[in-house]
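A short worksheet on the structure shown next.
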Amino acid sequence: MKTIFKLEEYRVKAAYQTKQKQEILSYLQSVVGQHVTVNDIYAYFKRKNIEVGKTTIYRHLEQLVEQGLVAKCVVDEINGACFEYLGEH
């Protein structure tokens with residue numbers, strides 16, 4: 001009898017941390033208690049001479065929101081969202 005294993009059933013997802021995601025997290029930790037925008041984070045990367053697109057920043061922020069590390073607040077669609085670091089649980 002042959003046993004067939006489904007990869008999805010046995011795969012353990014590790015929290016993949018890119019340098020950019022770690023930089024975003026470090027920045028958010030440095031401004032605890034403040035709401036920041038993607039433009040704030042983008043400017044931070046520019047000051048550090050790190051090339052990163054705004055789409056990448058949005059993607060990483062959404063992942064951090066899903067992980068419960070960051071809160072997302074949308075006031076209106078004109079101004080976009082702001083984000084706040086919540087900390088490790």
Drop me the distance from [X]'s [atom1] to [Y]'s [atom2], to the nearest 0.5 angstrom.
X     : Y     : atom1 : atom2 : result
Gln67 : Leu86 : CD    : CG    : 12.0 Å
Ser26 : Lys21 : OG    : NZ    : 12.5 Å
Leu28 : Ile41 : CG    : CD1   : 5.0 Å
His35 : Lys72 : NE2   : NZ    : 13.5 Å

Task: For Ala81 against Val74, the heavy-atom pair lying closest together - done: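 Closest pair (atom of Ala81, atom of Val74, distance): CB-CG2, 3.9 Å.
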Side-chain donor-acceptor pairs of residues 45-59 under 3.5 Å, sequence neighbours excluded:
| from | atom 1 | to | atom 2 | distance (Å) |
| --- | --- | --- | --- | --- |
| Lys48 | NZ | Glu23 | OE1 | 3.2 |
| Lys48 | NZ | Tyr44 | OH | 3.4 |
| Lys54 | NZ | Asn39 | OD1 | 2.7 |

Task: Candidates Val65, Val36, Ile24 - the one meeting side chain to side chain contact (heavy atoms under 4.5 Å, CB included) with Val70 - done: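 Of the listed residues Val65, Val36, Ile24, the side chain to side chain contact (heavy atoms under 4.5 Å, CB included) partner of Val70 is Val65.
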Open item on the list: Just to verify, what does Glu84 make a salt bridge (charged side-chain N to carboxylate O under 4.0 Å, His left out) with, not counting sequence neighbours?
Closed with: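 In terms of salt bridge (charged side-chain N to carboxylate O under 4.0 Å, His left out), with neighbours along the sequence ignored, Glu84 is linked to no residue.
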TODO: Would you please name every residue forming a side-chain contact (heavy atoms from CB on, under 4.5 Å) with Val32, sequence neighbours left out?
DONE: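 So Val32 forms a side-chain contact (heavy atoms from CB on, under 4.5 Å) with Tyr85.
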Open item on the list: Any non-hydrogen side-chain atom of Asp40 less than 4.5 Å from a side-chain atom of Phe83?
Closed with: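 No, too far: nothing below the 4.5 Å cut-off.
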